[in-house]
Amino acid sequence: MTDRSILPRLLTSLVFAVWLGNAALGQGSGFSFQGRLNDGTSPANGSYDLQFRLYDAIVGGNQISVIVSRPNTTLINGVFSTTLDFGATAFNSPNSIFIEIALRPNGSPNAYTILGPRQRLTVVPFAVRAANAASADNATNAVNAQNAVNAQNAINATNATTAFDSFNLGAVPPSGYAKLNFPNTGDLRTTGALAITGDASQPITSNGLVKAMIHVNANGTILRCYNGITGTTTGNCGFTVADTTIPGGAYRIDFGFRVNDRFVAVTTISVSLVNIVTSYNFFNNPNPNEIYVLTHITDVDYLKSSTPNPFMIIVY
């Protein structure tokens with residue numbers, strides 16, 4: 001057989017199929033190509049070198065993508081099957097694409113014989129485009145595709161602050177929620193217990209929490225304290241105590257913030273069998289930050305019986 005005797009003709013429709021395995025796992029760009037060739041009037045047998053080209057027109061036009069060569073392809077009773085891969089971008093065009101086939105006997109030094117006419121590719125090979133569909137070009141950024149099922153209902157999900165009812169949580173405005181590390185300008189309510197592992201502090205202008213607690217020894221030293229404004233529990237908590245009498249029993253406590261407009265509870269801690277009581281006032285002190293405390297024996301004129309004694313003060 002010589003090259004001049006080869007009169008191949010494409011007798012059957014070209015059959016294309018994307019491999020099922022590729023379709024199931026996110027297809028590649030290759031597809032199966034089958035055809036039948038005659039050598040003269042008889043089915044061709046033997047080995048042939050095949051070349052495949054894509055064009056955008058049945059005659060003339062522009063070549064698309066690369067030349068795919070399949071040397072030493074075996075034909076049995078005229079039938080051959082091979083896999084072609086022109087790359088995913090070859091099928092981006094919305095226009096028809098035509099395939100051109102050329103062949104020669106395997107190993108022949110002569111030029112390839114072009115079969116004609118070109119064959120229009122049917123719809124299946126265009127499915128290769130699905131791997132890089134225009135709407136999915138940015139799919140590499142999709143982390144959880146199932147969350148996009150309702151994406152058609154999202155008008156402007158990029159700016160979620162404009163999403164319907166995003167300013168409220170369960171129809172409750174932000175003032176109804178406590179926010180971490182952020183001032184809550186509304187009420188904070190709980191039907192159960194409210195537990196705080198750290199110190200609780202509150203501005204002096206607000207009511208509700210204890211503003212100060214102090215345990216003073218008989219000699220005027222601070223044994224324990226809590227500053228409800230700063231949350232301090234160490235040292236003297238910013239308080240000072242002055243024993244104003246000799247031998248003692250009268251104390252002036254300066255809290256460092258105004259207390260003469262607060263509620264105050266003073267309690268004596270008895271250390272003997274003698275009944276010791278405690279009184280306090282603000283009016284003897286020009287400093288609004290001070291409380292004046294007097295500890296004295298109950299059955300003696302308190303003006304003459306000031307007796308050093310430990311006490312506690314709670315300021316609300």
Side-chain angles (χ1 to χ4, degrees), residues 3 6-40 42-108 110-142 145-146 148-149:
D3 289 348
I6 298 174
L7 297 174
R9 293 181 296 124
L10 194 60
L11 298 182
T12 64
S13 299
L14 302 181
V15 180
F16 306 100
V18 176
W19 291 116
L20 183 59
N22 290 341
L25 300 176
Q27 67 204 43
S29 55
F31 58 93
S32 179
F33 182 97
Q34 291 183 343
R36 180 171 178 171
L37 298 173
N38 277 3
D39 183 0
S42 301
N45 287 280
S47 296
Y48 291 83
D49 297 334
L50 303 179
Q51 282 188 345
F52 301 87
R53 292 177 175 85
L54 297 181
Y55 288 89
D56 58 6
I58 192 168
V59 176
N62 300 305
Q63 183 177 334
I64 301 173
S65 188
V66 297
I67 299 173
V68 176
S69 296
R70 289 293 180 262
N72 197 23
T73 299
T74 300
L75 275 68
I76 300 176
N77 291 325
V79 177
F80 71 92
S81 177
T82 188
T83 299
L84 303 181
D85 190 346
F86 294 96
T89 58
F91 299 96
N92 286 353
S93 174
N95 300 321
S96 297
I97 295 178
F98 300 85
I99 189 167
E100 179 181 274
I101 306 172
L103 80 165
R104 67 184 180 186
N106 175 241
S108 171
N110 296 329
Y112 284 83
T113 299
I114 296 177
L115 301 179
R118 297 170 185 168
Q119 298 294 311
R120 182 178 179 274
L121 293 182
T122 54
V123 69
V124 175
F126 276 90
V128 175
R129 173 56 183 155
N132 287 291
S135 298
D137 284 340
N138 294 321
T140 53
N141 297 323
Q146 63 264 30
V149 173

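Here, residue 1 is the first one in the sequence, and each next residue gets the next number. Everything quoted here is computed from the prediction, not taken from an experiment.
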query = Nearest 0.5 Å, what's the OH-OH distance between Y48 and Y112?
reply = 13.5 Å
query = Atom CD of Q119 and atom CD1 of I99: how far apart are they, to the nearest 0.5 Å?
reply = 9.0 Å
inquiry  = I need the I101 CD1 to T113 OG1 distance, nearest 0.5 Å.
reply    = 13.0 Å
request  = Identify, with sequence neighbours excluded, every residue that meets ring pair (Phe, Tyr, Trp, His ring centres under 6.0 Å) alongside F52.
outcome  = F33
message = In the structure I gave you, are the side-chain heavy atoms of L115 and L37 within less than 4.5 Å of one another anywhere?
response = yes
Any donor-acceptor N/O pair, S69 side chain to P71 backbone, under 3.5 Å = no
note = Shortest non-hydrogen pair, R104 vs A111, comes out as CB-O, 4.2 Å
Could you list the donor-acceptor pairs under 3.5 angstrom formed between side-chain atoms of residues 53-64 and any protein atom two or more places apart in sequence or on another chain?
from, atom 1, to, atom 2, distance (Å)
D56, OD1, N62, N, 2.7
D56, OD2, N62, ND2, 3.2

key: Backbone of L103 reached by a side-chain donor or acceptor of D49 within 3.5 Å   = no
request  = Identify the two heavy atoms, one from S29 and one from A88, that lie closest to each other, and give their separation to 0.1 Å.
outcome  = CB-N, 3.5 Å
note = S65 and A90 have their tightest heavy-atom pair at CB-CB, 3.9 Å
task = Keeping the roles fixed (side chain from S47, backbone from N106), state whether a donor-acceptor pair exists under 3.5 Å.
result = no
remark   = Applying salt bridge (charged side-chain N to carboxylate O under 4.0 Å, His left out) to R70 and not counting sequence neighbours gives none
message = Apply side-chain contact (heavy atoms from CB on, under 4.5 Å) to residues I67 and Q51 and explain how you reach the verdict.
response = CA-CA 7 Å; I67 299 173; Q51 282 188 345; 4.2 Å; yes
